[in-house]
**Student:** 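Below you'll find the structure I mean.
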Amino acid sequence: MSEETTPYNGPERVFSGVQPTGNLHLGNYLGALKKFVALQHEHDCLFCVVDWHAITMPYDIGALKTNTRQIAAAYLASGLDPNKAIIFAQSSVTAHVELAWYFNCVARMGWLERMTQFKEKAGKDKERASVGLFDYPVLQAADILAYKATHVPVGEDQKQHLELSRDIADKFNRDFDAPGFFPMPEPLIKGPGARVMSLKDASKKMSKSDPSDLSRINLTDDADAMAKKIKKAKTDPEPLPATLEELADRPEARNLVGIYAALKGCGDQDVLNEYGGQGFGTFKPALSEVVVESLSPVTQKFNDWLAEPDAIDEVLRNGGEKAAEIADPIISDVRDIVGLWKSA
Ligand code: AMP
Ligand code: TRP
């Protein structure tokens with residue numbers, strides 16, 4: 001991609017989204033939620049429950065509303081404040097789907113065919129995947145750019161989708177001779193917890209869809225379940241090393257050290273300074289303590305919110321109104337730019 005000639009000079013804005021599909025886990029907490037909370041203090045932020053994305057795969061119709069409330073509850077329990085950040089459901093702001101349509105006409109088939117998440121989710125029988133699943137990254141670009149968001153905190157798995165969002169923004173600006181209209185959204189990926197791996201197989205990321213519940217720590221797990229999963233986590237027989245170099249080719253040990261560091265807000269080396277030379281018999285109980293200590297308050301608040309579905313709906317409703325106030329004028333400009341008959 002060649003350099004943008006006229007840079008975007010609008011305000012900075014943060015946007016991210018989480019799908020309402022199944023239980024949230026420690027990877028989501030460290031890779032996404034914990035980062036969102038830190039950002040709300042210094043930036044204009046929108047955090048979305050992306051329910052339109054959730055229907056791109058077979059799903060339980062009766063559970064979708066509850067799952068949407070669950071993600072909102074997790075946002076709130078992690079510390080997002082609806083007075084600071086806009087918390088809303090994607091399906092309450094139609095701007096997302098309208099912009100996705102314009103972007104469908106800008107994005108190229110070849111770009112989407114390269115998306116690894118589509119290949120993973122579609123599996124062997126690509127012909128039977130929904131068109132929506134193929135188009136998923138275009139809707140994601142629309143989510144971000146409907147607000148002209150400049151920064152997008154996500155886990156490492158979303159890097160390719162963010163690159164696509166930038167390509168779409170750039171091509172839109174060029175195709176319609178609207179230099180600097182859309183920003184090139186930057187992913188915020190770095191930092192501890194960007195890639196939390198499975199507790200059972202450190203070559204795979206911790207995931208909602210792993211058939212083994214022992215592979216992940218869920219936000220709904222109680223303290224005993226969390227401790228049991230850490231105790232059963234796969235490790236090697238060696239004690240922890242003293243240096244990061246020695247940790248490099250020990251993926252399981254590296255993952256557990258990384259989790260400890262991310263929760264404590266320190267570096268991996270600090271953990272090795274404290275535990276280097278000690279075996280997992282010592283390190284695992286210490287890690288359990290940190291996990292339980294960090295997640296229990298979140299789990300507690302999560303359950304409190306879930307007991308108040310009306311209060312969650314109120315947050316989502318207010319958030320949806322605020323989000324639409326930002327997106328609607330942008331969509332109105334887009335209609336004009338693409339030459340439609342009516343701009344509002
Ligand atoms: P998902 O559960 O795939 O909808 O992801 C929601 C958010 O959590 C996204 O920002 C992901 O990048 C992030 N995420 C998911 N799994 C992990 C993981 N194992 N480690 C770090 N971040 C993750
Ligand atoms: N695709 C993201 C995921 O699986 C979820 C998502 C949808 C998203 N729209 C977004 C993330 C916009 C960031 C910005 O995690």
Side-chain angles (χ1 to χ4, degrees), residues 13-37 39 45-57 59 67-68 70-71 74-75 78 88-91 93 95-97 99-100 103 115-118 120-121 132-133 135-166 168-169 185-210 215-219 251 254-255 258-259 262-263 323 327:
R13 189 171 279 143
V14 172
F15 182 99
S16 196
V18 175
Q19 288 193 71
T21 45
N23 277 342
L24 287 177
H25 51 73
L26 184 64
N28 299 127
Y29 179 70
L30 291 175
L33 302 177
K34 201 164 182 269
K35 288 191 201 156
F36 298 175
V37 173
L39 286 163
C45 294
L46 296 113
F47 296 113
C48 184
V49 186
V50 290
D51 46 0
W52 272 323
H53 277 109
I55 67 172
T56 57
M57 291 280 277
Y59 70 103
N67 290 342
T68 298
Q70 276 219 10
I71 302 298
Y75 281 170
S78 306
F88 72 110
Q90 186 186 31
S91 62
V93 185
H96 295 236
V97 276
L99 187 57
F103 285 172
M115 294 293 114
T116 54
Q117 189 168 300
F118 171 74
E120 274 162 29
K121 287 194 179 173
L133 186 65
D135 203 33
Y136 178 116
V138 175
L139 179 59
Q140 180 162 350
D143 294 339
I144 298 165
L145 293 164
Y147 305 93
K148 296 191 177 179
T150 52
H151 294 87
V152 184
V154 278
E156 193 154 307
D157 57 345
Q158 293 302 308
K159 204 170 158 192
Q160 197 185 32
H161 285 167
L162 261 291
E163 275 160 20
L164 185 89
S165 298
R166 295 162 65 89
I168 291 176
E186 290 283 342
L188 300 175
I189 293 178
K190 287 206 177 60
R195 196 163 164 80
V196 178
M197 309 311 283
S198 155
L199 297 180
K200 285 282 148 199
D201 175 358
S203 68
K204 295 195 300 193
K205 66 169 192 166
M206 187 176 283
S207 154
K208 290 169 184 171
S209 55
D210 193 311
S215 70
R216 68 185 153 258
I217 293 182
N218 302 307
L219 285 193
R254 201 173 66 220
N255 189 36
I259 292 173
L263 287 170

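Ligands are counted one by one from 1 in listed order, and the atoms in each one are counted from 1 as well.
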**Student:** Looking at ligand 1, does any of its N/O atoms fall within less than 3.5 Å of an N/O of G27?
**Tutor:** yes

**Student:** Below 4.0 angstrom from a heavy atom of G193, which ligand 1 atoms are there? Numbered from 1 as shown, please.
**Tutor:** 21 (C)

**Student:** What atoms of ligand 1 come closer than 4.0 angstrom to any heavy atom of Q158?
**Tutor:** 12 (O)

**Student:** Using a 4.0 Å cut-off to any heavy atom of G155, which atoms of ligand 1 qualify?
**Tutor:** 10 (O), 11 (C), 12 (O), 22 (N)

**Student:** Looking only at protein heavy atoms, which one is nearest to atom 10 (C) of ligand 2, and how far off is it?
**Tutor:** Q140 CG, 3.4 Å

**Student:** Any idea which atoms of ligand 1 are less than 4.0 Å away from a heavy-atom of A194?
**Tutor:** 20 (N), 21 (C), 22 (N)

**Student:** Short list, please: which atoms of ligand 1 are under 4.0 Å from a heavy atom of A32?
**Tutor:** 7 (C), 8 (O), 10 (O)

**Student:** Please identify which atoms of ligand 1 are closer than 4.0 Å to at least one heavy atom of R195.
**Tutor:** 20 (N), 21 (C)

**Student:** Flag N28 as yes when one of its N or O atoms lies below 3.5 Å from any N or O atom of ligand 1, and as no otherwise.
**Tutor:** yes

**Student:** What I want to know is whether V196 and ligand 1 share at least one N or O pair that is separated by under 3.5 angstrom.
**Tutor:** yes

**Student:** What atoms of ligand 1 come closer than 4.0 angstrom to any heavy atom of G31?
**Tutor:** 21 (C), 22 (N)

**Student:** Of the backbone atoms (N, CA, C, O) and the side-chain heavy atoms from C-beta on, which set of L139 has a member under 4.0 Å from an atom of ligand 2: side chain, backbone, both, or neither?
**Tutor:** neither

**Student:** Hey, does Q117 come in under 3.5 Å of ligand 2, counting only N/O atoms on both sides?
**Tutor:** no

**Student:** Heavy-atom contacts with Q19 under 4.0 Å: which atoms of ligand 1 show up? List them by number with element.
**Tutor:** 4 (O)

